[in-house]
Amino acid sequence: MISVQDWKDTQLLWDYQQMHHEPRPCSVGIGLGSHDLGVADTTVSLFRRGMMPLIVFTGATSRTTVERMPRGEAEHYRDRALELGVPADAILVEPHARNTGQNITLSRSLLEEQGIEVSSVLLISKPYEERRAYATARKLWPEVEFVSASTPMTLPEYVDSIKDPRLVIDMLVGSLQRLLIYPSQGFMILQEVPGDVARAYERLVSRGFTSRLVPEDVGSA
């Protein structure tokens, strides 16, 4: 049973993850692979608005995507973009990344191999992972300016799109945990976590929303 307080706490985590960056033209857009095809749709929308001349879709498969995206997240994102009319020569695919850190480092390597100069990146993620993606990218590619973006939607709208309320809460709790523990492990820059957000996180953990937590002494972004 998900209580009223659980939803209030989840809303605090959701709001904190939003970076509220205004999209602007960048050298490239990087769409971070996941279970959510909405990331591909939003990337295409930004491309159509002239926010980047080139898209990189990055991601292999994970336990949550291996069945629905058997050829890899990036490949399925590419297929979606092509369906929506993006030219094939405007898309690069990085098919090997299995976490956010690899999304950044392998996309960077791919762009370098292609001889593409990058000074700014429009980083497109799921709505509840904007801050985590940004903090990771800033750590691993510090000389580039990052602008965060995601599908504009409310928490109830996102829950309705996923059809699994508990999974959404678990994922938000997992994302917040990484923001707390990964800076000291060198995986991302430190982000200040407001006290009310930290307390909401602790309450949700105590209520058992823990399926996406990682051991605090090891991990990868």
Side-chain angles (χ1 to χ4, degrees), residues 14 17-62 64-65 68-114 116-138 140-141 144-154 157-158 161-162 168 171 175 221:
W14 175 272
Q17 286 285 353
Q18 303 288 300
M19 297 295 293
H20 303 292
H21 290 171
E22 186 67 29
R24 64 170 184 79
C26 292
S27 306
V28 65
I30 298 180
L32 303 181
S34 72
H35 63 273
D36 185 356
L37 268 178
V39 174
D41 292 349
T42 297
T43 303
V44 171
S45 176
L46 291 164
F47 176 83
R48 286 174 171 168
R49 289 169 56 190
M51 294 297 163
M52 63 282 204
L54 180 68
I55 295 168
V56 176
F57 287 128
T58 169
T61 58
S62 69
T64 58
T65 63
R68 71 178 72 182
M69 299 179 182
R71 292 182 294 106
E73 297 153 5
E75 291 287 356
H76 284 266
Y77 277 22
R78 177 182 181 275
D79 290 349
R80 179 63 171 169
L82 292 174
E83 289 173 6
L84 294 174
V86 176
D89 60 4
I91 304 171
L92 295 177
V93 169
E94 186 295 295
H96 304 296
R98 295 190 178 276
N99 56 56
T100 309
Q102 290 180 3
N103 286 144
I104 301 304
T105 58
L106 295 181
S107 294
R108 177 180 183 175
S109 295
L110 175 61
L111 289 163
E112 289 173 349
E113 290 168 4
Q114 295 290 323
I116 298 167
E117 293 188 9
V118 177
S119 61
S120 57
V121 171
L122 193 54
L123 192 63
I124 304 101
S125 66
K126 300 184 292 295
Y128 67 86
E129 287 204 331
E130 274 194 29
R131 188 175 295 274
R132 173 187 170 188
Y134 176 81
T136 302
R138 283 283 313 281
L140 298 177
W141 203 352
V144 164
E145 182 178 358
F146 286 93
V147 179
S148 292
S150 65
T151 305
M153 62 197 318
T154 65
E157 288 170 341
Y158 191 75
S161 73
I162 299 300
V168 172
M171 291 189 295
S175 288

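When reading the values below, keep in mind they use all heavy atoms of this one structure, side chains included, and skip hydrogens, waters and symmetry mates. In this text, all values refer to a predicted model and were calculated from it rather than measured experimentally.
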| query | Does the pair Ser150 and Tyr158 meet the rule for a side chain to side chain donor-acceptor pair (under 3.5 Å), with working shown? | reply | CA-CA 12 Å; Ser150 65; Tyr158 191 75; over 6 Å; no
| query | Run the side-chain contact (heavy atoms from CB on, under 4.5 Å) check on Leu37 and Tyr77 step by step: do they pass? | reply | CA-CA 7 Å; Leu37 268 178; Tyr77 277 22; 3.7 Å; yes
| query | Does the pair Val39 and Thr151 meet the rule for a side-chain contact (heavy atoms from CB on, under 4.5 Å), with working shown? | reply | CA-CA 7 Å; Val39 174; Thr151 305; 5.8 Å; no
| said: Does Tyr128 form a side-chain contact (heavy atoms from CB on, under 4.5 Å) with Met171? I'd like the steps, not just the answer. | reply: CA-CA 8 Å; Tyr128 67 86; Met171 291 189 295; 3.0 Å; yes
| CA sep, side-chain torsions, deciding dist, call: Leu32, Ile124, side-chain contact (heavy atoms from CB on, under 4.5 Å) | CA-CA 6 Å; Leu32 303 181; Ile124 304 101; over 6 Å; no
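A side-chain N or O of Ser119 and one of Ser27 form a donor-acceptor pair less than 3.5 Å apart.
Here the straight-line distance linking atom NE2 of His96 with atom OG1 of Thr105 works out to 12.0 Å at 0.5 Å rounding. Separating the CG atom in Leu54 from the CD1 atom in Ile91 is a distance of 9.0 Å, to the nearest 0.5 Å. Distance CE/Met52 to CG/Leu46: 5.0 Å, rounded to 0.5 Å. Taking OG1 of Thr58 as the reference point, atom CD1 of Ile30 lies at 7.5 Å (rounded to 0.5 Å). Between the OG1 atom of Thr136 and the CG atom of Asn99 there is a distance of 8.5 Å, given to the nearest 0.5 Å. Distance check, rounded to the nearest 0.5 Å: CG of Asp36 to OG of Ser125 gives 9.5 Å.
Shown here for Arg98 and Thr61, the closest heavy-atom pair between the two residues is NH1-O, 2.8 Å. The two atoms that bring Ala74 and Val93 nearest to each other are CB-CG1, 3.8 Å, heavy atoms only. In terms of heavy-atom proximity, Ala90 sits nearest to Pro53 at CB-O, 4.0 Å. Phe57 and Ala40 get closest at one heavy-atom pair: CE2-CA, 4.2 Å. Gln18 and Arg131 get closest at one heavy-atom pair: O-NH2, 3.8 Å.
The side-chain heavy atoms of Arg138 and Tyr134, taken from C-beta on, include a pair separated by under 4.5 Å. Here the side chains of Val121 and Val147 are not in contact, with every heavy-atom distance at 4.5 Å or above. You'll find the side chain of Ile116 reaches within 4.5 Å of the side chain of Leu92, heavy atoms only. Two residues are said to be in side-chain contact when any heavy atoms from C-beta on lie closer than 4.5 Å; Ile104 and Leu123 meet this criterion. Proximity of Ser120 to Phe146: side-chain heavy atoms (C-beta onward) are nowhere separated by under 4.5 Å.
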Distance-only check: which donor-acceptor pairs under 3.5 Å involve side-chain atoms of residues 19-26, not counting sequence neighbours?
| from | atom 1 | to | atom 2 | distance (Å) |
| --- | --- | --- | --- | --- |
| His21 | ND1 | Ser148 | N | 2.9 |
| Arg24 | NH2 | Glu145 | OE1 | 2.7 |
| Arg24 | NH2 | Glu145 | OE2 | 3.0 |

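Surrounding CD of Glu117 are at most 12 heavy atoms belonging to other residues, nucleotides or ligands under 6.0 Å away.
In this structure a side-chain-to-backbone donor-acceptor pair under 3.5 Å is present from Arg108 to Leu140.
Every residue two or more places apart in sequence or in another chain that forms a side-chain hydrogen bond (donor to acceptor under 3.5 Å, both in side chains) with Glu129 is listed here: Lys126, Arg132, Ser175.
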